[in-house]
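Heavy-atom basis, side chains included; hydrogens, waters and symmetry copies ignored. Just so it is clear: chains get the letters A, B, ... in the order the sequence lines come, proteins before strands, and each one is counted from 1. Bear in mind that the values here come from a model prediction, so they are computed numbers and not experimental data.
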2 protein chains.
Amino acid sequence: EDPIISGIAFNRDEAQLTVVGVPDHPGIASAILGPIGAANIEVDMIVQNVGSDGLTDFTFTVHKRDFATALQIMREVAGSLGAKDVRGDDDIVKVSLVGVGMRSHAGVASKTFATLARENINIRMISTSEIKISVVIDSKYLELAVRSLHKDFALDREPQDEAL
Amino acid sequence: EDPIISGIAFNRDEAQLTVVGVPDHPGIASAILGPIGAANIEVDMIVQNVGSDGLTDFTFTVHKRDFATALQIMREVAGSLGAKDVRGDDDIVKVSLVGVGMRSHAGVASKTFATLARENINIRMISTSEIKISVVIDSKYLELAVRSLHKDFALDREPQDEAL
Ligand SMILES: C[C@@H](O)[C@H](N)C(=O)O
Ligand SMILES: C[C@@H](O)[C@H](N)C(=O)O
């Protein structure tokens, strides 16, 4: 399946929270997101990588308006989870390349990363699906990232603002 | 937007590779996936969490048939990236809850995680999009995970095998 890139989307409303150094055993992910779901806070991205030495980090993004509440909740549960730390940052943006057949091509992802590398934009977080490659970057790089990707992938359609 | 879960999908063909402890600066993601793209290897999931102390881990999944080749390529580039280690595992499966409005509800994600926790199934990796919550688990838990999620979410449609 040849990838067909339909466009670029971005989201300036997000804030990220990371629970650092949680035990990598059953029940932890549920204990982290349970209180967030109970507080009726919408979650966008959830990213957890493979752990090492029995620990891993758990990151999720919420709307900026829920950042302080979510951070407060996480600080309250972190102790009971045995987490090392809770970190948050609301100065981020999500930029996504949207299309079909994305996964059938490491080329699309590596081209996306090469464009950002050339512009010296650090990729803070990555999450993909069959129809999207999403990266989280510092918010100050939003315009530069969107414009460079738009040019390198020779896209016509205007980038879409996916406000939450 | 109320979440509407349309079903469960799973994928038994995947293998995961993790480049551990890479420097978290521009150009690294491109240096990792460039050689994989050049070797025409399809990549499904790409997961990178926020780093700490200037380092992060970078994981991606490939079809099991490409696992040995991808591992070989990663071992060759790891040194030039300054990575601490390259790890791989082909005894995994991806299980996804598919639907719309997924992100508008931490409840759906935490319910998914609670089901797996109750069955004592450890979640190795998590990646989400607007239409999917995907977890990577040990392959031995595939049937138990799919059956439990199917029951807890009271789904009708048979789970879909998304073979790559
Ligand atoms: C870290 C967390 O995902 C844990 N592995 C769990 O299953 O809940
Ligand atoms: C780790 C990797 O994603 C790095 N931050 C980069 O921008 O390439």
Side-chain angles (χ1 to χ4, degrees), chain A residues 16 18 20 24-34 36-52 56-60 87 89 103-111 113-114 116-117 119-136 164, chain B residues 16 18 20 24-34 36-52 56-60 87 89 103-111 113-114 116-117 119-136 164:
Chain A
Q16 78 186 33
T18 304
V20 181
D24 189 7
H25 57 61
I28 296 293
S30 168
I32 293 172
L33 274 201
I36 299 288
N40 262 329
I41 293 176
E42 277 193 21
V43 165
D44 184 27
M45 299 173 81
I46 303 172
V47 175
Q48 179 210 316
N49 207 335
V50 191
S52 32
T56 189
D57 299 337
F58 186 98
T59 300
F60 61 94
R87 298 187 191 140
D89 196 327
R103 86 169 176 200
S104 63
H105 230 277
V108 173
S110 76
K111 186 172 172 180
F113 302 152
L116 298 172
E119 301 298 339
N120 219 20
I121 296 172
N122 192 44
I123 301 167
R124 302 168 58 128
M125 209 155 79
I126 302 171
S127 180
T128 62
S129 75
E130 285 77 3
I131 57 163
K132 243 186 192 185
I133 295 173
S134 295
V135 295
V136 170
L164 276 176
Chain B
Q16 80 187 31
T18 303
V20 180
D24 189 7
H25 56 61
I28 295 293
S30 168
I32 292 172
L33 274 202
I36 297 289
N40 261 328
I41 293 176
E42 276 193 22
V43 166
D44 183 29
M45 299 173 82
I46 303 173
V47 175
Q48 179 209 314
N49 207 336
V50 193
S52 36
T56 190
D57 299 338
F58 186 97
T59 300
F60 61 93
R87 299 189 190 140
D89 196 325
R103 85 171 182 198
S104 64
H105 231 278
V108 173
S110 77
K111 187 174 172 179
F113 302 153
L116 298 172
E119 302 298 338
N120 218 21
I121 298 173
N122 192 45
I123 302 167
R124 301 167 59 129
M125 208 155 79
I126 302 170
S127 179
T128 63
S129 75
E130 284 77 1
I131 56 163
K132 244 187 191 185
I133 295 174
S134 295
V135 295
V136 171
L164 277 179

*Sort out for me which of Asp57(A), Ile131(A), Thr18(A) touches chain B most, counting heavy-atom pairs under 4.5 Å.*
Asp57(A)

*Between Val136(A), Val135(A), Asn120(A), which residue shows the highest count of heavy-atom pairs closer than 4.5 Å to chain B?*
Asn120(A)

_Just so I understand: if I count every heavy-atom pair under 4.5 Å between each of Ile36(B), Ile123(B), Ile46(B) and chain A, which residue has the most?_
Ile46(B)

*Side chain, backbone, both or neither: which part of Glu119(A) has a non-hydrogen atom closer than 4.5 Å to chain B?*
neither

*Strictly by modelled atom types, are Ser134(B) and Ser127(B) linked by a side-chain donor-acceptor pair under 3.5 Å?*
no

_Any salt bridge linking Arg124(A) with Asp89(A)? Criterion: basic side-chain nitrogen under 4.0 Å from a carboxylate oxygen._
yes

*Can you see which heavy atom on Asn49(B) is nearest to which on Val47(A), and at what distance?*
ND2-O, 3.3 Å

*Of all the heavy-atom pairs spanning Thr59(A) and Met125(A), show the shortest one and how long it is.*
CG2-SD, 3.4 Å

*What option among Ser30(B), Ala117(B), Gly27(B) has the most heavy-atom pairs under 4.5 Å with chain A?*
Ser30(B)

_side-chain contact (heavy atoms from CB on, under 4.5 Å) between Phe60(A) and Ile32(A), worked out_ = CA-CA 10 Å; Phe60(A) 61 94; Ile32(A) 293 172; 4.1 Å; yes

*Looking at Ile28(B), Leu33(B), Ile126(B), which one has more heavy-atom pairs under 4.5 Å with chain A than the rest?*
Ile126(B)

*Atom group of Phe58(B) that falls short of 4.5 Å from chain A, counting heavy atoms*: both

*asked:* Can you tell me which of Val20(A), Ile121(A), Thr56(A), Leu116(A) forms the most heavy-atom pairs within a distance under 4.5 Å of chain B?
replied: Ile121(A)

*Region of Ser52(A) in contact with chain B, defined by heavy-atom distances below 4.5 Å*: both

